[in-house]
Chemist: 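This is the structure, below, for whatever I ask next.
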Amino acid sequence: MPGLGTTFGRGGATTAPSDLLNSDVILIMGSNMAENHPVGFQWVIEAKEHHGSHVIHVDPRFSRTSAVANTWVPLRAGSDILFLGGIINHILQNELEFREYVVHYTNASVIIPESFQDTEELGGIFSGWDPQKKQYDTTSWLYQGVQNASNSSDKNPAEMSGGHSMHGVDSSTDLSTYEQDLTLQHPRCVYQIMKRHFARYTPEMVERYCGVEKEAFLNVAKLYCDASGPEKTAAICYALGWTQHSSGVQIIRCAAILQLLLGNMGRPGGGILALRGHASIQGSTDIPTLFDSLPGYLSMPKFGPSSRDLASFIKANKPRTGFWNNFDKYIVSQLKAFYGDAATKENDFGFNWLPRLTGDHSHQAYWLDMLDGKMDGLFVMGQNPAVAGPNSGMERRGLGKLKWLVVREMVETETASFWYASPEVQSGDIRTEDIETEVFLMPAAGHVEKEGTFTNTQRLLQWREKAVDPPGDARSENWFIYHLWRRIVEKAKLDPRPRNQGLLALTMNYTLEGDHREPASPEILQEINGWTVADHKLLSGFGELKADGSTLCGCWIYSGVYPSAGRNRANERDPKDEYGHGWGWAWPADRRVIYNRASARPDGSPWSERKKLVWWDEAAKKWTGKDVPDFTATKPPSYVPPPGAEGDAALAGDKPYILHADGFGWLWVPVGLNDGPLPAHYEPLESPISNPMYPQRQANPVGLNRARPGNEYATSPDARFPYVLTTYRLTEHHTAGGMSRTLSHLAELQPELFCEISLELAQELKIEHGAWVTLVTARGAIEAHALSTSRIRPLKIGDRLVHQIGVPFHWGYNGLVKGDIANDLIAISEEPNVRIMETKGLLCNLLPGRRANNVVRLQEYHSIAEGKTA
Amino acid sequence: MIKDLITRWPVVRQILNRADGTGVEAMSEHTLHMRPKNDGAEVAHSVCPYCAVGCGQLVFHKGNKLISIEGNPASPLSRGRLCPKGSDSFELTTHSKRLTKIKYRRPKSAQWEDLDLETAMDMIADRLWESRNKNFAETQDGQSLMQNKTVAHLGGATLDNEENYLIKKLFTAGLGMVCISNQARI
Amino acid sequence: MTDSLTNSVTSPVPYHVTKAAFLTDATICIGCKACEVACKEWNEVPDDGMIWTGYSYDNTQALGASTWRHVMFLEQPAAAGPQQVDMENPFRWIFLSDVCKHCGNAGCLEACPTGAIVRTHVGSVLVQSDVCNGCGYCVVSCPFGVVDKRHPDGRAFKCTFCYDRQEAGMIPACAKACPTQSIRFGELAELREAADARVTELQRRGYTDAQVYDPLQTSVGGTHAMFVILGQPEAYNLPPAPQVPTIYLKSAWTSALISALVLAAIVCGAFLF
């Protein structure tokens, strides 16, 4: 998410699956789109069959996506930056970039100060590395001439970041005062630094360390790069094959850089389709049940000088230029939504009632606290960490250290039944009577039993109507939170300490409907949309927000979804055009292809007739076209900002990336990422080889591996674990299986856990097709059927043959079909920007036979593995 | 009436129509009057709860009972189509292992017990309040902290925006819970 | 009305055909099995057992009384037309959704002694569950191994062509769900033409072994569920020359008649001479 957010200004897919009909080339990598987004994939098939699109799939496995692609290229799991960096280098060395786009719409021309040193000069790290703190001071990454009036008196700011807010914003600097060389010749302009940085990412390196033959690599590079320029565009589709890596954000950065270099962003058939995995995971990032952001990607206050009071907080988050200059309007309106009339100018609109962050409060961090007995309680709503969490065996042990656990679900998941049904309990390692956790398993309403919105992967809000009541005591989460709040507030009324002021001020003024007294969802969406306080008039967009407390708005990017009473745009089903306007409502402002200013030339005319999307209408003096312009409608292409201009007015008429202080697409990220202004190849946390690009820096130096007993790592390489493991999904099941293993029609399609191994490995280890095998990593051991197939290949990496093994992660100990839990094999680790764990590209071993006697004795397996490979 | 009975007899229909006994003449009443099970049902417009494509769904129901779920052809995203999971949404909602009552486990117990909804809500509110009393930190070094780090929340990608909003509002803005996460991190 | 590109009904307007047909195209199938599930959900067909076969991703195995759409998975050492697959040896993974063929001359229908199996006005072959007595004669008479008896129920079941849906102007559940419209539903004559056009197009693009499977030249007399496949039908467990078993009845009865007449002549002759 910050990969896209820092590069372009907003995290999230930049286009819709249906726009793939306009793509000349579709590159699918880090994704198995046909299996995990089958109905979205219809657009790929139609593009290929009826519009002449060439579909390229790059993936360690030949999956159901590969089967229908025009070109499939296998590569080693974990070598994506090497591969993509190879294409970047190919473009720069051969001057294949879409020059005009790059010069005008990206920061390629911006000059970087001499104090910056690249990984080429420092053996794999950038300048600013603090080996004690294991962090970067990113000052030397800023543009030349830009001052850093540092706010880094904040304690450990990197430690408190989670990558989900205010991408690329640091209001202590003024990025708009850059220097540039439009000829791209200056040795310290971004373009030239990139050329040097990627110079060793050659086709030979790709062949040797990705396992991709030079011809195959150059074929992909040519196909993809040819689909560039005014007349052609290419799209990139990715999913968790890219995100679940210790350098996941930088992998995505490579794709973002490629799409900027080739001028594909903001154009029909271009863009980046970040394929998210759950019905409303986009929504749960926009309105975040995440620790590090407030709704609309606003920063959570971090304990320290920047959150001493509202004025300091605004100062730290309101850059002078670009759209984030409106930060104060967004935060004040949100505080009014939270605390209502009690939020006044005098009390900073209740800012001091918000909690401050004091460190890393992410899933992995608080789970480790749970393991250490520091947590009282946990609410789990519609998630199943006992199966899907990283190092799920440790997650289950963590649950056993809670005082109380509330699980809200449609079925009894593994998370709810860990205390009697988990492998650790079944094997006798842990005894039920020793687990003190009090457990409340509460039935939850399903999607047709409550009304509300989901936000899908293309940022589209769609309303769901309610069909039937939830059965028995099942209720929605709205009901649960509201009636919990009601009880808590009764207690707070009896406790007049200042600590409860915010709690008592919290607004929950929703009409209660029906016998169950369900809070009315439309009213909640209206609050998210916002209204003027004085007359409760609904707002038609974030442009109406004010910083003086006269407006109220739960989430500024959703403002406009409910612009008047009775008009819920998420509930509209009348598509009028190619982009589906009239069906649902997309943020921001119903723009379907964001950054679409870039679909026109600097002078406002389309790049070509074939690829026109949005353009300047000189007669009407506004931007017009097939989509809502992602630009101030009346700002002409020729607009030059007057000196001292602020906010959006400070951005010229040819700057499409309006969230950025400089209006550029960022090839180079001066602020906002913890591990580098440019991507660099590091090996995964466990790797069969040492880093061929930077031998002194094996893995991402800023990543956290959280190593501790129970969460050990293999060495890189490791004689005990010679094979590369990757985990993935199948189309028949859904994530942790709670919504598929419990259903007969899905369970019968894939009833048992299997792992995919190459025919070569099966032969070498004398494993019969279908036989039981045990997969072992440094953390766990599971049993699975061996499915030997030519769809998985050993690859020649360096001087050796590296075998890859794949395992789907859907199984658990509940449901109609059961199986071992694949995530017991993976580690709790944190990528440095978003803190996601690494599930692809780990090391494992494979032993014949079932897990003996249902007992997990890891040390035994490790000795066997050592003996076997010795 | 006798005439009616006779003319409905398949053999008679076959002879009268000079048919070979494999067409309409051999159809039972049930077949002759066959209608789809969602005939005359009400339709709710919904969205598939599985992946993030957001396929449109038509939810057929009558008298608070679910009849069937299929794709919505009017959706420009999905054009009426559904993958195997979306196609199984009816079973997802109606299968026999759906929880309808609360299951409660006492500390150290080896079994589930029943618990009514209101009591469960009271108990949960009690525990939340107890943790807050013990562990809530109002200030640190004279500055507002307003934090309880000992109660956490997990989940959100399968929930509605409205639900995530209320969770964030109560847990974070109201109760100072900073340990909040969901599948977006995973 | 239907899309020009697909057959998904894009408006609530009812869609009726005179002669119903399926065209199932292996070259755009992604093996997702939405068809299997959509069919079972609509027709309330029970699960067919939780059996892991290890045979590629196919755990369904075959059509039967409780499986009316079956997706086959073929891993083959051949190239799929011009597809670029970075392997030393050619390789392709083909998926095809098999279904009851609703034969022009249906073996099951010919064999059924109770009149349970009928031909509907849209030309489909329907097993009437309220008439079926479970004799099982249909099972051995299908040249494709489609219809079967369900245990312990005892009656015979197979694809109904979603006759109930068609009566109300809706298309079959599998065709509606199919994400890539590999399964198309429509008029038999139109889909026969579309099949030929598709194969011509595929061959032009380099899929030299593309062909239509629709055994018109046999006693089955063509099916109302045609397929576009790559390679030989045998690889898909489709008989290249299926016959309706009762086709042999004509010659059998004729031979019997002749034998009877000859025997009668001999017996008469024995008395005369």
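Letters A, B, ... are given to chains in the order of the sequence lines, protein chains preceding strands, and every chain is numbered from 1.
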Chemist: Can you tell me if CD on Q203(C) sees more than 12 non-hydrogen neighbours from other groups inside 6.0 Å?
Modeler: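 More than 12 within 6.0 Å, yes.
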Chemist: Go through the atoms of T65(A) and report whether side chain, backbone, both or neither lie under 4.5 Å from a heavy atom of chain C.
Modeler: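 Answer is neither: T65(A) stays 4.5 Å or more from chain C.
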Chemist: Got a sec, which residues hit side chain to side chain contact (heavy atoms under 4.5 Å, CB included) with E234(C), two or more places apart in sequence or on another chain?
Modeler: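 For E234(C) the side chain to side chain contact (heavy atoms under 4.5 Å, CB included) partners, ignoring immediate neighbours, are Q232(C), P240(C).
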Chemist: Answer yes or no: are there more than 12 heavy-atom neighbours, outside Q61(C) itself, under 6.0 Å from its atom CD?
Modeler: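 It does: Q61(C) CD has more than 12 such atoms within range.
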Chemist: Measuring heavy-atom distances to chain C, does H54(A) have an atom under 4.5 Å in its side chain, in its backbone, in both, or in neither?
Modeler: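 The side chain, not the backbone.
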Chemist: Please output the residues of residues 49-59 of chain C in contact with chain A, using a heavy-atom cutoff of under 4.5 Å, in numerical order.
Modeler: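 Expected list: G49(C), M50(C), I51(C), W52(C), G54(C), S56(C), Y57(C), N59(C).
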Chemist: Heavy-atom distance under 4.5 Å to chain C: side chain of V39(A), backbone, both or neither?
Modeler: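 Interface part for V39(A): both.
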Chemist: For P179(C) and P38(A), which heavy atoms make the closest approach, and how far apart are they?
Modeler: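 That closest heavy-atom pairing would be CB-O, 3.6 Å.
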Chemist: If every non-hydrogen atom of E748(A) is compared with every non-hydrogen atom of D48(C), which pair is closest and at what distance?
Modeler: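 Result for this residue pair: OE1-N, 2.8 Å.
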Chemist: Heavy-atom pairs under 4.5 Å with chain C are the metric here; pick the option from L749(A), T789(A), I45(A) that has the most.
Modeler: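 Among L749(A), T789(A), I45(A), the one with the most close pairs to chain C is L749(A).
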Chemist: Only pairs of heavy atoms separated by less than 4.5 Å count here; which of N89(C), V71(C), T60(C), V85(C) has the most with chain A?
Modeler: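 Of the candidates given, the most pairs with chain A belong to V85(C).
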Chemist: What part of L743(A) gets within 4.5 angstrom of chain C, counting heavy atoms only: side chain, backbone, both, or neither?
Modeler: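 No part of it gets close to chain C.
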Chemist: For Q181(C) and E49(A), run side-chain contact (heavy atoms from CB on, under 4.5 Å): C-alpha distance rounded to whole Å, both residues' side-chain angles, the deciding distance at 0.1 Å, then the answer.
Modeler: CA-CA 12 Å; Q181(C) 293 293 276; E49(A) 294 296 321; over 6 Å; no
Chemist: Is chain C contacted by the side chain of S63(A), its backbone, both, or neither, given a heavy-atom distance below 4.5 Å?
Modeler: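 The backbone, not the side chain.
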Chemist: Do you know which of E201(C), Q84(C), R205(C), R92(C) has the most heavy-atom pairs with chain A at a distance under 4.5 angstrom?
Modeler: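 Looking at each of E201(C), Q84(C), R205(C), R92(C) in turn, Q84(C) comes out on top.
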Chemist: Tell me, side chain or backbone of E732(A) under 4.5 Å from chain C's heavy atoms, or both, or neither?
Modeler: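 Side chain only.
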Chemist: Check each atom of A216(A) against the heavy atoms of chain C and say whether the ones under 4.5 Å are side chain, backbone, both or neither.
Modeler: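 Contact with chain C: side chain only.
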Chemist: Is it the backbone or the side chain of R64(A) that comes under 4.5 Å from a heavy atom of chain C, or both, or neither?
Modeler: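 For R64(A), heavy atoms of backbone and side chain both lie under 4.5 Å from chain C.
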Chemist: Counting only non-hydrogen atoms closer than 4.5 Å, does L730(A) touch chain C with its backbone (N, CA, C, O), its side chain (CB onward), both, or neither?
Modeler: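 L730(A) touches chain C through side-chain heavy atoms alone.
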Chemist: Check whether E35(A) gets within reach of chain C through its side chain, its backbone, both or neither, counting any heavy atom under 4.5 Å.
Modeler: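 Contact with chain C: side chain only.
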Chemist: What residues of residues 155-164 of chain C sit under 4.5 Å from chain A when you count only heavy atoms?
Modeler: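 Listed by number, there are no contacting residues, so the answer is none.
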Chemist: With side chains defined as the heavy atoms from C-beta onward, is the minimum distance between T180(C) and V68(A) less than 4.5 Å?
Modeler: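 No. Closest side-chain heavy atoms not under 4.5 Å.
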Chemist: Name the residue from K40(C), K33(C), E41(C), E36(C) that meets the side chain to side chain donor-acceptor pair (under 3.5 Å) definition with H745(A).
Modeler: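 Testing each of K40(C), K33(C), E41(C), E36(C) against H745(A), the sole residue satisfying side chain to side chain donor-acceptor pair (under 3.5 Å) is E41(C).
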Chemist: For atom NZ of K576(A), decide whether the heavy atoms of other residues, nucleotides or ligands shown that lie under 6.0 angstrom number more than 12.
Modeler: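 Atom NZ in K576(A) is crowded, with more than 12 foreign heavy atoms closer than 6.0 Å.
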Chemist: With only heavy atoms counted, which part of E75(C) is less than 4.5 Å from chain A, the side chain, the backbone, both or neither?
Modeler: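 Side chain only.
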Chemist: With a 4.5 angstrom heavy-atom cut-off, which part of L753(A) approaches chain C: side chain, backbone, both or neither?
Modeler: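 Interface part for L753(A): neither.
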Chemist: Tell me which of these, T71(A), T731(A), V44(A), has more heavy-atom pairs under 4.5 Å with chain C than the rest.
Modeler: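 Max contact count across the listed options: T71(A).
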Chemist: Taking heavy atoms only and a threshold strictly under 4.5 Å, list by residue number the residues of residues 22-31 of chain C that touch chain A; give 'none' if the list is empty.
Modeler: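 Within residues 22-31 of chain C, the residues under 4.5 Å from chain A are T27(C), I28(C), C29(C), I30(C), G31(C).
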Chemist: Is it true that atom CD of E213(A) has more than 12 heavy atoms of other residues, nucleotides or ligands lying nearer than 6.0 Å?
Modeler: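 No, not enclosed.
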Chemist: If you round to the nearest 0.5 Å, how far is CH2 of W72(A) from CZ of F91(C)?
Modeler: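 Between atom CZ of F91(C) and atom CH2 of W72(A) there are 8.0 Å.
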